[in-house]
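Comments concern the structure below.
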Amino acid sequence: MNHRVAPRSSIAILRLTAAALVALAGGAALLPSCGSDSTPIPKVTGTFSGSTLDARNYCALAGACQLFPDFGFAECMNQIARSEIELAPFGGDLGETARYECVKQAGSDCVAAKKCIGRVTTSDKRCTDPSAGEPFGNQPRSFCGAGNRITVCNETGTSSESFSCADDFAKQHFGGPYCVPNAPASALCGYKSCGDFGAPDGGAATDAGADPAAYPACNSNTLSYCTNGVEQRQSCSAFGGTCDVASGKCAGACEQKGFHCKGTELVKDCTAGAELPLYDCAARPGWTCRVPADTTSFGCAPPDDECAWGTFPAECVDGVKVRFCDDGKLNVYDCSNIGATCAAAGTGVTCKL
């Protein structure tokens, strides 16, 4: 029995809509403002941790290359902080190190930088090349690339989309962190082959092919299932459910009726009376739990309150620097680190080459 969980349509590593950002701000839009050259620049002292330079350089280059034109530097930094906490129970942001290193290597080469970032639109010639072979059944043409990235072709056009299987797995909690080919012209994110095509290239997956008759299976409340010849897994615990071999599903998932804090941990209240721990806000140093005020809040508060994290309107100072709210404390990033200046962009400000 094959059980397939339909993936979300598109999940970007740094995707927040303008509407969501306004809601986070309690109805106040995040508008860019540019400070004068005489505006004092805050000094960050003491034990303040805040964001890493890798994260700041990443957001600077993402903005400078207009990889995410709908929002600016501060929104990018906010989402990195949020993801660090939300993904901690699932192994963290699995693709973070690779992305940051890729950005370092790209420098100010925007074409190269685009290939480092979450889900990106591409134009892979193999999508329209019959000599590349045929895909699995009705599956779109798709191909594995370096670093377990997968390129999925658009069935109605010539474009394609590239993303890291590791990123997708951490965010969706199903599928797999490896790119596994299942036909000459197709692949899926998963763990290993469970069909006749053989083991994935490069030895990235845990082992070679498995018997399709062994699926579905349960192991430590993780459901394993075979989709189009590729083993995929789903953590039933992540949904407050129990792995059920008979149905090939996660049964009894938690239906939300509210939240509460247990120390620094955010806990989901289920309608059946059970509780589902979501994540520990302390996964990012100094953060504490705060029950979400609305559907866009994620239940954690930063260690400082010098500025409103998530809603502070970042601004340009001295022409080349971005003043932004970093874990609730004012901080400054110098765009000259990547040979850029500071400018208004989308709903905020960002570095501009």
Side-chain angles (χ1 to χ4, degrees), residues 11 13-16 20-21 23-26 42 44-59 73-100 118 166-167 169-173 177 220-222 235-241 254 256-270 274-312 314 324-331 333:
I11 299 180
I13 192 63
L14 297 171
R15 184 164 295 169
L16 280 181
L21 288 168
L24 274 171
V44 179
T45 58
T47 59
F48 175 70
S49 176
S51 59
T52 65
L53 180 59
D54 277 352
R56 282 175 269 163
N57 285 340
Y58 170 86
C59 284
F73 181 87
E75 292 91 335
C76 174
M77 294 300 304
N78 292 343
Q79 186 63 7
I80 285 178
R82 178 170 178 162
S83 294
E84 182 176 325
I85 294 171
E86 290 182 328
L87 299 181
F90 310 100
D93 185 347
L94 301 178
E96 177 187 82
T97 300
R99 285 198 310 278
Y100 288 176
D167 289 343
F169 181 61
K171 288 182 175 299
Q172 300 189 78
H173 317 316
S220 298
N221 210 30
T222 295
S235 169
C236 295
S237 298
F239 301 94
C254 174
Q256 176 191 319
K257 72 171 183 179
F259 301 92
H260 71 274
C261 290
K262 186 176 290 185
T264 57
E265 189 175 52
L266 182 68
V267 180
K268 183 178 180 180
D269 301 318
C270 308
E275 297 180 349
L276 174 61
L278 294 179
Y279 39 77
D280 189 343
C281 297
R284 189 167 173 92
W287 283 65
T288 56
C289 181
R290 179 178 60 195
V291 175
D294 52 53
T295 56
T296 60
S297 303
F298 79 108
C300 297
D304 290 288
D305 59 2
E306 185 177 55
C307 52
W309 184 89
T311 65
F312 179 81
F324 67 104
C325 194
D326 193 6
D327 282 5
K329 196 174 186 69
L330 287 173
N331 205 350
Y333 176 81

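These numbers were taken from a predicted model, which means no experiment stands behind them.
Closest heavy-atom contact between Pro89 and Tyr279: CG-CB, 3.7 Å. For the residue pair Cys254 and Lys268, the shortest heavy atom distance occurs at O-NZ, 3.8 Å. Looking at every heavy atom in both residues, Thr52 comes nearest to Tyr100 through OG1-CE1, 4.5 Å. Nearest heavy-atom pair, Thr222 versus Ser235, reported as atom, atom and distance to 0.1 Å: OG1-CA, 4.4 Å. Closest of all the heavy-atom pairs between Gly286 and Pro303 is O-CB, 3.3 Å. Here the closest heavy-atom approach between residue Phe312 and residue Leu330 is recorded as CZ-CD2, 3.5 Å.
Rounded to the nearest 0.5 Å, atoms CG (Asn78) and CZ (Phe298) are 9.0 Å apart. Going from atom CD1 of Ile85 over to atom CG of Leu278 covers 12.5 Å, rounded to the nearest 0.5 Å. The distance from the CZ atom of Phe169 to the CG atom of Leu87 is 11.5 Å, given to the nearest 0.5 Å. Rounded to the nearest 0.5 Å, atoms CZ (Phe259) and CZ (Arg290) are 14.0 Å apart. Taking OH from Tyr333 and CZ from Arg56, the interatomic distance works out to 8.5 Å, rounded to the nearest 0.5 Å. To the nearest 0.5 angstrom, Ile80 atom CD1 is 10.0 Å from Asp54 atom CG.
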Run the numbers on Phe324 and Ser51 for side-chain contact (heavy atoms from CB on, under 4.5 Å), then give the verdict.
-> CA-CA 11 Å; Phe324 67 104; Ser51 59; 4.2 Å; yes

Determine, step by step, whether Asp167 and Arg99 satisfy the side-chain contact (heavy atoms from CB on, under 4.5 Å) criterion, reporting the C-alpha distance in whole Å, the side-chain angles of both residues, the deciding distance to 0.1 Å, and the verdict.
-> CA-CA 10 Å; Asp167 289 343; Arg99 285 198 310 278; 2.9 Å; yes

Please walk me through it: do Leu266 and Cys300 pass side-chain contact (heavy atoms from CB on, under 4.5 Å)?
-> CA-CA 8 Å; Leu266 182 68; Cys300 297; 5.5 Å; no

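Under the 2.5 Å SG-SG cutoff, Cys289 and Cys281 do not qualify as a close cysteine pair. As summarised for Cys325 and Cys307, their two SG atoms come within a distance smaller than 2.5 angstrom, satisfying the threshold.
Between the side chain of Asn221 and the backbone N or O of Gly241, at least one donor-acceptor pair lies under 3.5 Å.
Every pair passing salt bridge (charged side-chain N to carboxylate O under 4.0 Å, His left out) that includes a residue from residues 275-287 is listed here, sequence neighbours excluded: Glu84-Arg284, Lys262-Glu275, Arg284-Asp327.
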